[in-house]
Every structure is written in C-alpha cells, then in structure tokens.
Amino acid sequence: MIKITFPDGSVREFASGITSMEIAKSISEGLARKVLSAEVNGVVWDLSRPIETDATIKLLTWDDAKGKNTFWHSSAHLLAEALEALYPGVKFGIGPPIDNGFYYDIDLGDRTISAEDLPQIEQKMKELAKQSNPYARKGVSKKDALAYFTEKGDEYKLELINDLEDGSITFYSQGNFTDLCRGPHIPDTGFIKAIKLLNVAGAYWRGSEKNKMLTRIYGITFPKQSELDEYMNMLEEAKKRDHRKLGKELEIYTTDDMVGQGLILWLPNGAAIIEQLEKLAKKKEEQAGYVRVKTPHIAKENLYLTSGHLPYYADSMYPPMELEGVKYYLKSMNCPHHHRIFSAMPRSYRDLPLRLAEYGTCYRYEESGALFGLMRVRGMNMNDAHIYCTEEQFVEEFRAVTDMYLNYFKIFGIDKYVMRFSTHAPEKLGQKYLDNPDLWKKTEDMVRKVMDDAAIPYIEVPDEAAFYGPKIDIQIYSAIGREFTLATNQVDFGQPLRFGLKYIDKDNTEKMPLVIHRAPLSTHERFIGFLLEHYAGNFPVWLAPVQVAVLPISDKFNDYCNEVIKVLKNHEIRTFFDTRSEKIGRKIRDAEVKKIPYMLIIGENEMASGSVSVRKHGSGDAGSIPAADFAKQVQEEVNIIFQ
RNA sequence: GCCUCCUUAGCUCAGUCGGUAGAGCAGUUCAUUCGUAAUGAACGGGUCGUCGGUUCGAGUCCGAUGGGAGGCUCCA
C-alpha cells in the first residue's frame, strides 16, 4: 500500500501501482470525466501512469493552468495527426502548448498551407477527436528512437533526439500518429470537443534566423463548444480595441507611403493628447526637481563613437549624412547629447543630483517586419531624462524615479504590469557586460534595496541587463494580450566612463557620477498606442482631444451656444461646436461615436435659464446646471490630475 | 530581414467565367429648425497601390516592387 496526500492535506491509502485516473474515479465519476492530468510530487503526469511510492497528488482539470497545458499539448498532437493524414510526408518540428492554445511547426517541402486550408484541417481534427483514441506513452531507447525517425525521414525530430539522454526518451502515440514527446497527455482525444485553427505563420526552426523557416499553425481547443464561442467573441472585442483601428476612427494619427513606414503623422486629435501628456510630464518633473533641456535631432559621428552606439548598433541607426567630410547621424538616443550638456561646464557635488529632462525625438531603423502601428516605429518622442548623481544619492534618486512611475500608473489606472529587474551574468563580464564587478554588485544591490524597501513586486532576470548597468523594465499588457516594454529605468556607469563625466567633490577631488536613464511615459507613440487600447478610445476628460461637444437643438440657439463656449474656453476647456442643421439625435450619436466625454444639449429651456443640459459619454442624460458651474466642474476634474 | 496572406472611392467593403467599375458611410449643395445614438433629396468622387508580362481584351491570370496584416527573428 502507498500513501497519497491530497492538496487539502488529507491522506488516503491505495494499492501500489494505482493510477491517477483510478484515484479520480474513487473520488467521484464526475471528477473522473473532468480530470486531464495529475501533478504527482510536483511533476505533471499522465493519468494512466502507475504510482508506486507515497506521493502528494493534485488532480488537474480545465480550471488549472497546468491542466489546460496538458489539454493543449495533446491538441497539438491531434493537429499533427490530422496534418499527417492530409499531407503525407510532412515533417514535424515542435508542437508545444502556449498561453492561449498551441501550435505545431511543420515543413511541407514544396507545398504551402494558407488560411483557406485551415477549415479542412480542423474538420480532420474533429473527425479524429471523435474516435476517442487514447494517448499511449512508451519509453524507447535512443537507438530505436533514431531508427524510427530516420525511417520516417524527419530530420527535425532526429536533431531533437540527438540532444537527449538515452533512457529518458519517450514516444506518445494516438491513432496512427507517433511523436517524440515528454508528455504528459490527456487520456484520449475524445476530451477535445471544440477546435479552432487560428492562423498560419512562418517561424525559424529553433528560433534562429540562420535556420530554415518552417510553417507554424496556431490553434486553440476547448472541452466545450460554448467556451470556444466565448473565446472567439473575446477576440472580436479585442480587435475593436486595437489602437490601429481606434487611431484611425478617432483621427488620432495616420501614416503615409510618401513619408515612410513607421513614421507617424499626428493628426490634431493626437497632437492634443500629446500636449496633455507633455504638460503632465513637465508638471511632475518640475515637482521632482528636473530641469528641461532641448537637443538637436542629429549629431556628428564622434558622439556615437564615444557613447559606444557605433559601430555595434549602426544597423538600427539611419545611415549617416556626410557633408564636408563630416558624418552626421540621426540620434537614436538622447543620452549622449545630455552627457555633453553635463560636461558643458565644471560640475560640483553641489550641482548633484542634476536631472536633465527632454521629450527628445529619436530615430531607429527598425526592420520593416518589426514595425507595428504605434507600438514599434522608426521615429519616436521619448519622455527621457538622465539623472546624474553621486553613489550616496543613488538609492534616493532611484526610489524617487520608481515613485514617479507608480504615481503615473495611478493616474492612468494601469494596474496590470510586471517590473522586470534585469541583472548581469558574472561569467560574461568584459563581453556582454562592462568589466567592473564591484560597480555591478553595488548598483544591483542598491536597486534591489529600493524595490524591497518600497515592497514593489518584481521578478529578477539574470543576464538581461544593458551593457552599462542593471535596469528595471516595466512590462505591460495591451488589450489584445500583447506584452511589451512600456518604460525603463536604467542604471549606467558605462557612459559616464566613456564620456569622462566628473564632478568635484567636497574634498576637492574629481569623481565620476552615476547616471540613471528613465522614461516612465515611454514614447508618445507607444504610450498613446497603449492608452488607446487601455481606455478603448474613451479618454478621460483631461486627455480627451475634445472635452465638450456643444450641440444646439436648432441654429436659433447658436448665439447662446457661443456665449457658453466663451465661458468654457475661459476655463481652458477644449470644445467642438456642432452647427450642422441635423436633428439633436444625430448630433448626439456623432459625438458619442467620437467618444467625446461631455455633450451639452442646448435649446429653449437652457437659453431661458442660462444653463446647459449635460450628457455624459456612455452614460446618458446627467441633468442641467448653470453653464458657469459646469465649466468650473470640468476644470476642477482636469486640474486634479496636474496637482 | 524571413514565411504566409491581403491590397478596388476619404472609410468599410461588393465585383460571377477575363469583356473598360458598384454599394453603404463620409463629403458638397439644397430643403428641413427638430429635445438625448443616424431627416430627406441631388451632386461630386476611382488610371482598381506601382511597374512589367500573357491575351483581341486584365480590377480579375503571371512576375517584380511599394504598403498593410498575422507570425518568426530583432528590440542599445
């Protein structure tokens, strides 16, 4: 007999060799129908695998992330089985589960697969799923494994097997399909009731640009059709929030072939949002003791040789312009310019910390395939600043920057983010990282202390730091589920060295300052892209390009409307006056579609009483109040942000 | 950059078998002066992304190229 411990701590005895499925059945038939795999002593196992020692066990269902993983992994095998049936001779790469579904990488030789072929493959998968073929696990020797895939002619699997230890290799089979696989899998294909193949894409074998490009098929499956329907609905909803769609609909930005890819043309509405963001940044930075500077878009080659950006990053810089034998580059970073400002005059310890801020325009030649709406562009405006401080001041300064980030997140209601603390790898000092172990240790310890003291949750990622120092990246998630870096907060002791930055300390000796790079509001491009999706285009009053739409019932009230607009403008409120001879319902509809936060409906009653009827975007009629009171309320609503 | 797909009016899209382009919305003009999500009518608007090929004839078929989408790689 063996002892099985359950998650609630209870212990039951079973005969040795019992399977998780049998255990599930002993609990209830309902559970046995739902269970997908089991975590046995912390490792996810097939339900059919016999347990021969005392163990802690957790039965995994669709409600567990690990259960979903098993389900989707098995679905990938089902996809492979269908592909092999439809495209004999197809070769397989890898087919893992992912956050939302699974994929399989395949090599079809001369044949291609396109989106139109997916329904047919889906159909085949459904047919095979209905057969409820069990997933069978089998240990094989390395020799047999190699023989099997040599016979099959699948060089990708052979490459994988060659990297595996003999004795640790397992095959899984279902129906007519056998795959090299560590497992685990669900009991049989019949569990997979709803199947959707989402798209085809190219993917390099083993993720390297040097290798062959395989065809990747993405799909998702569910134990119930209703869950698939729900998921597809969610995808539809997410599409409506896509910043590229909203950016067009709300006339925020455009791009133009004649101007160039990745170069954003901001329309008046977008420019209005930019104005507000800059106003906010100015205010917050001024409060935090920053001073503003302005630097040009180009600089001589020597600046980037000194900073070290050339030649390592020349590929992602626009090529130089050469005039009178001198090369000029478009700047891809603001830091070198700021460093020269630091060095423009002798600096004393009394000048530190010196915080130089600028909404600087940078240009990076991103690969054409990497460009993506506002999120990845070639010309961008960074909310940049560089803080020059002494080692003693560093913790305080780094903390202040972190506080500023958190303050911004509160203002924008950003609560889903992850702080990634990227540190160096000691064995790569002198290659990937600047060779100064003391400074690495010192600065990493200081950053860790700031994060721990402030009790900010973060994940530490070794070997991801910048060449010149550790950094904190803030990862956020767009409404479409994409993860990207919004902002970064970096320590730099490399550039101060390269630029020979120094200050005169109390003891009259020269010392090198540390530099903090920070960009809490990212770039205008990426941040507004994010905000569009974050707010689904419903900008809060303070950011909305147009804050108040003034809608007369008929043009008889235009004069009174103009008086109201005058009052609004005196309160610095951005307005739109709809003078079309349309019915009020139409004007309201159009203002709602434009997502203008407030609409003022003005007719006979309002004119007589000197009031306005307020309608709030998305929530309807909000009653009428005196025009001056409304203006004051809106102004206060806005001012609160800038305090 | 690489793989797959897409590219028709300002926007969203239709266009059959290869026979010289169509709708809705938007725009302009006129009428209407209206109380909380679309008043009506008329009019204007396209070298079918560009270049080349096949064909008596190309929006339609083929090739190249620009741009876009989904991925991969990259992201100081």
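What you are looking at is a predicted structure, and each value in this text was computed from that prediction instead of being measured. Proteins get letters first, then strands, A, B, ... in listed order; numbering begins at 1 in each.
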Going through the distances and angles, do A:Arg420 and A:Glu464 end up as a side-chain contact (heavy atoms from CB on, under 4.5 Å)? CA-CA 10 Å; A:Arg420 277 167 59 100; A:Glu464 287 279 319; 3.5 Å; yes

What does the list of N/O pairs under 3.5 Å between the protein and nucleotides 25-32 of chain B look like, with a distance for each?
unit_1	atom_1	unit_2	atom_2	d
B:A26	OP1	A:Arg586	NH2	2.2
B:U32	N3	A:Ser581	OG	3.2
B:U32	O4	A:Ser581	OG	2.7

Residue mapping more 5' on RNA chain B - nearest nucleotide basis, A:Val593 or A:Arg216: A:Val593

Rounded to whole angstroms, how far apart are CZ on A:Arg244 and C1' on B:A69? 7 Å

Indicate, with a heavy-atom threshold strictly under 4.0 Å, whether A:Gly207 touches base, sugar-phosphate, or nothing. sugar-phosphate

Would you call A:Lys245 and A:Glu249 a salt bridge, using N to O less than 4.0 angstrom? yes

Distances for protein N or O near nucleotides 45-51 of chain B N or O, under 3.5 Å:
none

Pairs satisfying salt bridge (Lys or Arg N to Asp or Glu O under 4.0 Å), at least one member in residues 374-388 of chain A, at least two apart: A:Glu366-A:Arg376

Here the distance between atom C1' of B:G68 and atom CG of A:Leu374, to the nearest Å, is 15 Å

Heteroatom pairs (N/O) under 3.5 angstrom, protein to nucleotides 64-67 of chain B:
unit_1	atom_1	unit_2	atom_2	d
B:G67	OP1	A:Gln261	OE1	3.2

Pair A:Lys471 + A:Asp473, salt bridge at N-O below 4.0 Å: yes

Side-chain donor or acceptor of A:Glu444 paired with backbone N/O of A:His424 under 3.5 Å: yes

Across the strands shown, which category fits A:Tyr468 at heavy-atom distances under 4.0 angstrom: base, sugar-phosphate, nothing? sugar-phosphate

Residues of residues 605-615 of chain A with a heavy atom under 4.0 Å from any atom of RNA chain B, listed by number, are A:Asn605, A:Glu606, A:Ser613, A:Arg615

Charged N-O contact under 4.0 Å between A:Arg589 and A:Glu592: no

Taking the nucleotide of RNA chain B with the nearest heavy atom to each, does A:Met333 or A:His617 sit closer to the 5' end? A:His617

Roughly how far apart are A:Phe527 CZ and A:Met375 CE, rounded to 0.5 Å? 10.5 Å

P gap between B:C75 and B:C17, integer Å: 48 Å

In this structure, how many angstroms lie between the C1' atom of B:A76 and the CG atom of A:Leu303, rounded? 14 Å

Taking atom types as they are modelled, would you say the side chain of A:Ser307 forms a donor-acceptor pair with the base of B:A76 within the 3.5 Å cutoff? no

Taking protein heavy atoms under 4.0 Å as touching, what does nucleotides 3-12 of chain B look like 5' to 3' if B marks base contact, S marks sugar-phosphate-only contact and - marks none? BSS-----SS

How many Å lie between CG on A:Leu371 and C1' on B:G68, as a whole number? 11 Å

Tell me: NZ of A:Lys245 to C1' of B:C13, nearest whole Å? 12 Å

Rounded to whole Å, NZ of A:Lys583 lies from P of B:U36 at a distance of 10 Å

B:C72, OP1 or OP2 - any side-chain N/O from A:Tyr218 closer than 4.0 Å? yes

Of the options B:U73, B:A76, B:U33, whose atoms approach the side-chain atoms of A:Ser316 most closely? B:A76

Whole-Å distance separating the CZ atom of A:Arg206 from the C1' atom of B:C74: 20 Å

If you define the side chain from C-beta out and look only at heavy atoms, does anything of A:Val548 sit under 4.5 Å from A:Phe576? no

Which of B:A76, B:C72, B:U33 is nearest the side chain of A:Lys556? It is B:U33

So A:Tyr204, base contact, sugar-phosphate only, or nothing? Heavy-atom distance under 4.0 Å. base

Please convert RNA chain B into dot-bracket. A pair counts if it is Watson-Crick or G-U wobble with both distances under 3.5 Å; crossing pairs go in [ ] and bases paired with another strand get |. (((((((..((((.....[..)))).(((((.......))))).....(((((..]....))))))))))))....

With sequence neighbours excluded, what pairs up with A:Lys428 under the side chain to side chain donor-acceptor pair (under 3.5 Å) test? A:Asp463

Whether the side chain of A:Arg364 and the base of B:C74 hold a donor-acceptor pair under 3.5 Å is what I'd like checked. no

By ring pair (Phe, Tyr, Trp, His ring centres under 6.0 Å), A:Phe222 pairs with (sequence neighbours left out) A:Trp62, A:Tyr231

Shortest non-hydrogen contact from A:Val491 toward A:Phe394: CG2-CZ, 3.5 Å

side-chain hydrogen bond (donor to acceptor under 3.5 Å, both in side chains) partner of A:His386, chosen from A:Gln495, A:His517, A:Gln490, A:Glu358: A:His517

Sub-3.5 Å donor-acceptor pair from the side chain of A:Trp440 to the main-chain atoms of A:Tyr468, do we have one? no

Does CG in A:Asp435 sit with more than 12 non-hydrogen atoms of other residues, nucleotides or ligands closer than 6.0 Å? yes

Taking only distance into account, with no hydrogens and no angle test, what donor-acceptor pairs under 3.5 Å do side-chain atoms of residues 251-262 of chain A form with protein atoms, sequence neighbours excluded?
unit_1	atom_1	unit_2	atom_2	d
A:Asp256	OD1	A:Met258	N	2.6
A:Asp256	OD1	A:Val259	N	3.4

NE2 of A:His309 versus C1' of B:C75: gap in Å, rounded? 13 Å

Out of B:U33, B:U73, B:A37, which nucleotide sits closest to the side chain of A:Ile588? B:A37

Would you say that more than 12 heavy atoms from the other residues, nucleotides or ligands in this model lie under 6.0 Å from the CD of A:Glu604, or not? no

Please indicate whether A:Lys196 has more than 12 foreign heavy atoms, meaning atoms of other residues, nucleotides or ligands, lying under 6.0 Å from its NZ. no

Contacts of type ring pair (Phe, Tyr, Trp, His ring centres under 6.0 Å), residue A:Tyr103, not counting sequence neighbours: A:Tyr218

Please confirm whether the backbone N or O of A:Met419 pairs with a side-chain atom of A:Gln475, one donor and one acceptor, at under 3.5 Å? no

By side chain to side chain donor-acceptor pair (under 3.5 Å), A:Lys248 pairs with (sequence neighbours left out) none

Between B:C74, B:A76, B:U36, which one does the side chain of A:Ile584 approach most closely? B:U36

